[in-house]
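Everything on this sheet refers to the single structure shown next.
Owing to the predicted nature of the structure, the values given are computational and were not obtained by experimental measurement.
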Amino acid sequence: MVKNNPQMPGIPSDLRRVHRSLVLRNVFAVPRGSRTQLAEETGLSAMAITRIIRELIDAGLVEEVSKRNRNGSPGRRQVDLRICPSGAYVVGVVISAFGHEVALFDATGGLLDRRKMSFKSIRTANEAVEVASSTILSIIADAGVDAERVLGIGIAIAAFVKTATGTVTKAPYLGWQEVELGQRIRSRTGLPVTVENIADAMNVAEQAKGAAAGREDVFLAHQSVTCGASYTHHGQLVRGANFSAGQIGHLPVGESALVCSCGDNRCFNAHTSGWSVLANLGRIDSQRFETGEIESYARALTQLIGENPAPGTAAGDALYRAGYQFGRTMQNVALIIDPHAIVLAGKLSESPAYVSGCESAWRDAPAKLGYRPPELIIGRVPAIRAAGILALDSFLYSPQLDIEGLTDGAATGGREAAR
Ligand SMILES: [Zn+2]
């Protein structure tokens, strides 16, 4: 799981909290592990593990299950441990050109409910804050879960974000600038909020519960209407000096007949994005990217990928070519940062033709003496689930977890109410 939280403010340095989150993460990562395994994997003493597990059980977060009989041999009584789904809940929110959604998840990342949001105009931040906050409050109330156990909200948004404060610094699609989104939703809902760019949220999620589990140096390309990226080094998100790392969409890769939103016709966006495929196929009118048209581009791209065009058709070949060029460029990126894996995520990762182009580029790459290319992984965590996992990562599997609050709740019957 991405060690996302050490960079956030207000992290208690209390070692107990750090050890507790380490244990909790391990129980989450290895379902039905034992105390002995936990001690081996965390390096903590058996006594420390026993104490921490006791706390987690008292707080209703971990439960014991009788051990599976692996070989039938009698031995000391042992029990497996697992996360108790009703021990905690989080809310995930997605705000993107493909739609706006709120979902409620349990402590294991299980989806309990999801709702679409609609806005008169997404370009009005006030309306977005109001609609999102009231949808969050109603999804929690309607699910009948113990509100005391809802730990926080994860927002994955198509924007550049100053994560420490939850401030959207700029969002060309939304037209927002310096919107204190996290702060405002927190004050409306009373819940802590973490906000990330969609690509960063997906990178966190792919490493926690997705196709990139176990890797720590991961470059995730978010290929949708436009192209964006996220990079984690040693499990930490690399955000850049101005919180705008990962703008691969504007990487110059060669002349094109299409003009990117930035005015340049050499951008990666003009060769490998969903918008470029739509423009090359004549499915949209303009050869120039029109920011105001992003939602119509998103609808056209959803339509195109839903058709699943076969190889040999104009659409199938256009997707394949864009995927191939994407793969070629990712090999150059890999030479610079040497990641364990490159993850292809976003709407285009759902297109077999695009994926096939990318995989061909990987196969066709000439071997370089002494160089080991990274693994190519096709992402599998949808944006709304990524937002939920982001919230779990920030508020439950984190030193920020307020276990005292949960233990009090358990003592007064909160656990029963959570059922
Ligand atoms: Zn550009």
For residues 91-121, pull every pair meeting ring pair (Phe, Tyr, Trp, His ring centres under 6.0 Å), keeping only residues two or more places apart or in separate chains.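 Non-adjacent pairs meeting ring pair (Phe, Tyr, Trp, His ring centres under 6.0 Å): H100-F119.
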Salt bridge (charged side-chain N to carboxylate O under 4.0 Å, His left out): which pairs involve residues 170-183, sequence neighbours left out?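 Counting only pairs at least two positions apart or across chains, no salt bridge (charged side-chain N to carboxylate O under 4.0 Å, His left out) contact touches residues 170-183.
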With salt bridge (charged side-chain N to carboxylate O under 4.0 Å, His left out) as the rule and sequence neighbours excluded, what pairs involving residues 256-268 come up?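 Only D264-R266 qualify under salt bridge (charged side-chain N to carboxylate O under 4.0 Å, His left out).
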Is the closest basic N to carboxylate O distance between E295 and R299 below 4.0 Å?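 No, this pair does not count.
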Would you mind listing every side-chain hydrogen bond (donor to acceptor under 3.5 Å, both in side chains) that reaches into [range], with sequence neighbours excluded?
range            : answer
residues 307-320 : R283-E307, Q303-E307, Y320-S360
residues 252-261 : E255-N265
residues 325-336 : none

Listed partners of R288 passing salt bridge (Lys or Arg N to Asp or Glu O under 4.0 Å), at least two apart: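 Checked R288 against salt bridge (Lys or Arg N to Asp or Glu O under 4.0 Å); zero matches.
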Got a sec, which residues hit side-chain contact (heavy atoms from CB on, under 4.5 Å) with A29, two or more places apart in sequence or on another chain?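 With neighbours one apart ignored, the set is empty.
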Could you pull out all residues at least two apart from R115 that satisfy side-chain contact (heavy atoms from CB on, under 4.5 Å)?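 Applying side-chain contact (heavy atoms from CB on, under 4.5 Å) to R115 gives D113, T135, S138, I139, D142.
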Please list every donor-acceptor pair under 3.5 Å in which a side-chain atom of residues 371-381 meets a protein atom from a residue at least two apart or in another chain.
residue, atom, partner, partner atom, Å
E375, OE1, R215, NE, 3.3
E375, OE1, R215, NH2, 2.8
E375, OE2, R215, NH2, 2.8
R380, NH2, G210, O, 3.2

Donor-acceptor pairs under 3.5 Å, side chain of residues 219-226 to any protein atom, not counting sequence neighbours: which ones?
residue, atom, partner, partner atom, Å
Q223, NE2, T272, OG1, 3.2
Q223, NE2, Y354, OH, 3.0
S224, OG, K347, N, 2.9

Give the table of side-chain donor-acceptor pairs shorter than 3.5 Å for residues 384-391, with sequence neighbours excluded, one pair per line with atom names and distance.
residue, atom, partner, partner atom, Å
R385, NH1, G109, O, 2.8

